[in-house]
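Just so you know, ligand 1 is whichever comes first in the structure, and atom 1 is the first atom listed for that ligand. The shown structure was predicted, so the numbers you read here are calculated from the model rather than taken from an experiment.
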Amino acid sequence: MNFSLTEEQLAVKEAAREFAQKELKPGVIERDSKMEFPKEQVRAMGELGFLGIMVDPKYGGSGMDTMSYVLAMEEISKVDNSCSVTMSVNNSLVCWGIETFGTEEQKQKYLPKLATGEWIGSFCLSEPEAGSDATMQRTTAVDMGDHYLLNGTKNWITSGGSSSVHLVIAQTNPEKKHRGINAFIVETSWDGVVVGAKEDKLGIRSSDTHTIMYTDVKVPKENRIGEDGFGFKFAMKTLSGGRIGIASQALGIAGGAYELALAYSKEREAFGKPISQHQAIAFKLAKMATDIEAAKMMVYRAAWLKDNGMDYSQASAMAKLYASEVAMKHTVEAVQIHGGYGFVKEYHVERLMRDAKITQIYEGTSEVQQIVISRGVLKGDVYLPVGEN
Ligand code: CAA
């Protein structure tokens, strides 16, 4: 086993940390309270190469591995999760989906803009009645010969009001059930794409979450991804990698809360000494550090499996399930360590606690991750040790 990072991975982690602490932290409380989309900050992330971190340089990306993506996500998520979810969806759902399953024409047309942040992408799977049960697509894409006619409504779409490209999952052949579903690249400037109101959310408040309506949108045939009927598998395969991104977001949230709680506990005095010197607080910090290290191993391992061409769908489900639990539990503890200060917005930890909740919901709820994991467990798929088992 080798736990060391390469020089390139360490440099990405350092660059992301510096960017998050210097550029994102100063305005994050105000953006959260005003639900203001971090437009300038997202543009800067594009310039720094964070929006197409794994995309091949020939399509305008940074050409780095999944591990580098995870490290950058972790550092940015310690500070601003509206930025990191925008980054995660753009990288591991939209760019990865197009680069892995798109045609050469689709890659050349869309990736250079998406990888540099000139355009932002959204992943449009969820519907009013198709959340966890993603096969129940009501959005239809009727085959009209030279194009598809797209009609339907998508819910809770990340970057919905600011994206230029949507990957839309829709039903073409209902009699074939999930095997009749297709995935399409849709440009938001096309006639019939309407963006609904921005959602007023508990956490990640400045990320741009909207309902999207499609009415008689003409989608050219060449914008379908993969063979006819590949759409559901496309969504599942793409989400397996996306879950590594959200797991790293959860890891960053937990790590950010831990760093704040540790620093505060060394400064704040009670009963004549820093509160870190009281066992009640020191033991909380010990448990936080232990759980975060365990989550880190799972998230990094999922990234390592992906980088090494191995099956990672169960590892990513496990990493997301566990890291999001750790994020929720220990952001609550970080607020507790801060006492009254933890309950006010000025101290950042209450925001991280609110942000943590969504990591247990989007890109598959914790219950969906357990469906994926339990099916694998019953099939006998176990991952440790890696190799023959
Ligand atoms: N890779 C490849 N294929 C897969 C797969 C995977 N990881 N998972 C399933 N499939 C295939 C199956 O092999 C099967 O194929 P066949 O028909 O050829 O046999 C097909 O897909 C259907 O699979 P299941 O029978 O397992 O499907 P199911 O109806 O039981 O659903 C589920 C399984 C795991 C619950 C799935 O519906 C699911 O993941 N739901 C959650 C959806 C989700 O994550 N939504 C998040 C929205 S996106 C978002 O949040 C983005 C954002 O903006 C932040």
Side-chain angles (χ1 to χ4, degrees), residues 73 77 81-97 100-101 120-137 139 154-163 165-169 171 173 176-183 198-199 201 203-204 207-212 226-227 229-250 302 305-306 310-318 320-321 324 355 357-379 381:
M73 275 294 297
S77 302
N81 287 287
S82 295
C83 280
S84 69
V85 71
T86 309
M87 172 176 162
S88 183
V89 169
N90 201 67
N91 272 288
S92 48
L93 298 182
V94 181
C95 287
W96 190 84
T100 309
F101 301 109
I120 304 280
S122 293
F123 189 78
C124 306
L125 170 68
S126 302
E127 297 189 355
E129 291 163 71
S132 291
D133 188 358
T135 58
M136 297 303 288
Q137 293 292 314
T139 298
K154 295 288 176 180
N155 274 27
W156 312 294
I157 301 305
T158 301
S159 307
S162 26
S163 51
V165 166
H166 290 174
L167 297 191
V168 183
I169 313 298
Q171 181 57 268
N173 293 299
K176 292 188 181 167
K177 300 189 174 163
H178 68 269
R179 291 182 185 151
I181 290 173
N182 278 310
K198 182 166 173 162
E199 299 287 356
K201 308 188 293 291
I204 55 163
S207 81
D208 206 23
T209 314
H210 292 259
T211 295
I212 310 284
E227 294 296 304
F230 180 62
F232 190 73
K233 278 215 165 129
F234 168 81
M236 292 297 107
K237 283 173 185 272
T238 306
L239 280 164
S240 288
R243 287 165 186 164
I244 300 177
I246 301 305
S248 56
Q249 179 180 53
L305 287 168
K306 185 163 181 279
M310 298 184 206
D311 183 10
Y312 54 88
S313 56
Q314 289 223 23
S316 70
M318 287 179 178
K320 181 181 180 289
L321 174 68
S324 62
D355 289 350
K357 188 61 209 167
I358 192 61
T359 66
Q360 295 182 306
I361 297 173
Y362 57 22
E363 299 205 18
T365 60
S366 293
E367 291 72 19
V368 161
Q369 306 314 321
Q370 287 172 86
I371 293 176
V372 173
I373 297 162
S374 60
R375 285 180 182 171
V377 164
L378 295 175
K379 271 200 321 205
D381 289 350

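- Looking at ligand 1, you'll find an N or O of His178 within less than 3.5 Å of one of its N or O atoms.
- Comparing Ser92, Ser132, Ser126 by heavy-atom distance to atom 40 (N) of ligand 1, the nearest is Ser132.
- Here the side chains of Lys237 and Thr100 are not in contact, with every heavy-atom distance at 4.5 Å or above.
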Exercise for the section: Evaluate the side chain to side chain donor-acceptor pair (under 3.5 Å) criterion for residues Ser207 and Lys201: first the C-alpha distance (whole Å), next the side-chain angles of each, then the deciding distance (0.1 Å), finally the verdict. Expected result: CA-CA 9 Å; Ser207 81; Lys201 308 188 293 291; 3.2 Å; yes
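- From the protein, the heavy atom lying nearest to atom 4 (C) of ligand 1 is Met236 CB, 3.8 Å.
- Of the protein's non-hydrogen atoms, the one nearest atom 16 (P) of ligand 1 is Arg179 NH2, 3.3 Å.
- In this structure the side chain of Leu321 reaches within 4.5 angstrom of the side chain of Gln370, judged on heavy atoms.
- For the side-chain hydrogen bond (donor to acceptor under 3.5 Å, both in side chains) test with Gln137, the passing option among Lys154, Glu129, Lys177 is Lys154; the others fail.
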Exercise for the section: Would you check, one step at a time, whether the test side chain to side chain contact (heavy atoms under 4.5 Å, CB included) holds for Lys176 with Ile181? Expected result: CA-CA 8 Å; Lys176 292 188 181 167; Ile181 290 173; over 6 Å; no
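- Where the criterion is an N or O separation shorter than 3.5 Å, residue side chain and backbone included, Lys233 meets it with respect to ligand 1.
- At under 3.5 Å, not a single nitrogen or oxygen of Asp133, backbone or side chain, sits near a nitrogen or oxygen of ligand 1.
- At a 4.0 Å heavy-atom cut-off, ligand 1 touches Leu93 through the side chain alone.
- Here the protein heavy atom with the shortest distance to atom 23 (O) of ligand 1 is Phe232 CE2, 4.0 Å.
- Two residues are said to be in side-chain contact when any heavy atoms from C-beta on lie closer than 4.5 Å; Glu127 and Asn155 fail this criterion.
- Among all non-hydrogen protein atoms, the one lying nearest atom 52 (C) of ligand 1 is Thr158 OG1, 3.5 Å.
- Any N or O atom pair closer than 3.5 Å counts here, and Arg375 shares at least one such pair with ligand 1.
- With hydrogens and angles left out, the side-chain atoms of Ser84 and Ser77 include a donor and acceptor closer than 3.5 Å.
- In terms of polar-atom proximity, defined here as any N/O pair under 3.5 Å, Gly364 does make such a contact with ligand 1.
- With a 4.0 Å heavy-atom cut-off, ligand 1 is reached by no atom of Ile246.
- Among protein heavy atoms, atom 42 (C) of ligand 1 sits closest to Gly131 O, 3.7 Å.
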Exercise for the section: List the steps, then state whether side chain to side chain contact (heavy atoms under 4.5 Å, CB included) holds for Ser88 with Ile246. Expected result: CA-CA 7 Å; Ser88 183; Ile246 301 305; 3.8 Å; yes
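- When the options Arg243, Lys320, Lys176 are ranked by their closest heavy atom to atom 44 (O) of ligand 1, first place goes to Arg243.
- For atom 45 (N) of ligand 1, the nearest non-hydrogen atom of the protein is Leu125 CD2, 3.8 Å.
- Looking at Val372 and Arg243, their side chains come closer than 4.5 Å, going by heavy atoms from C-beta outward.
- In this structure the side chain of Ile204 reaches within 4.5 angstrom of the side chain of Tyr362, judged on heavy atoms.
- With a 4.0 Å cut-off on non-hydrogen atoms, Thr365 does not touch ligand 1 at all.
- The N/O atoms of Glu363, backbone and side chain alike, include one that comes under 3.5 Å of an N/O atom in ligand 1.
- Considering Leu93, Val94, Leu125 in turn, Val94 is the only one that fulfils the side chain to side chain contact (heavy atoms under 4.5 Å, CB included) rule with Leu167.
- Counting only heavy atoms from C-beta outward, the side chains of Asn90 and Met87 never approach each other to under 4.5 Å.
- Close contacts of ligand 1 with Val89, meaning ligand atoms under 4.0 Å from a residue heavy atom, involve 52 (C), 53 (O), 54 (C).
- For ligand 1, the atoms lying closer than 4.0 Å to a non-hydrogen atom of Val372 are 34 (C).
- Atom 7 (N) of ligand 1 has its closest protein heavy atom at Ser240 OG, 3.3 Å.
- Counting only heavy atoms from C-beta outward, the side chains of Arg375 and Ile371 approach each other to under 4.5 Å.
- Using a 4.0 Å threshold on non-hydrogen atoms, atom 32 (C) of ligand 1 does not count as touching the protein.
- With respect to atom 2 (C) of ligand 1, the closest heavy atom belonging to the protein is Lys237 CG, 3.5 Å.
- Backbone and side-chain nitrogen or oxygen atoms of Thr135 are examined, and none is located within less than 3.5 angstrom of a nitrogen or oxygen of ligand 1.
- Side-chain contact between Ile169 and Phe232 is absent, with no heavy-atom pair separated by less than 4.5 Å.
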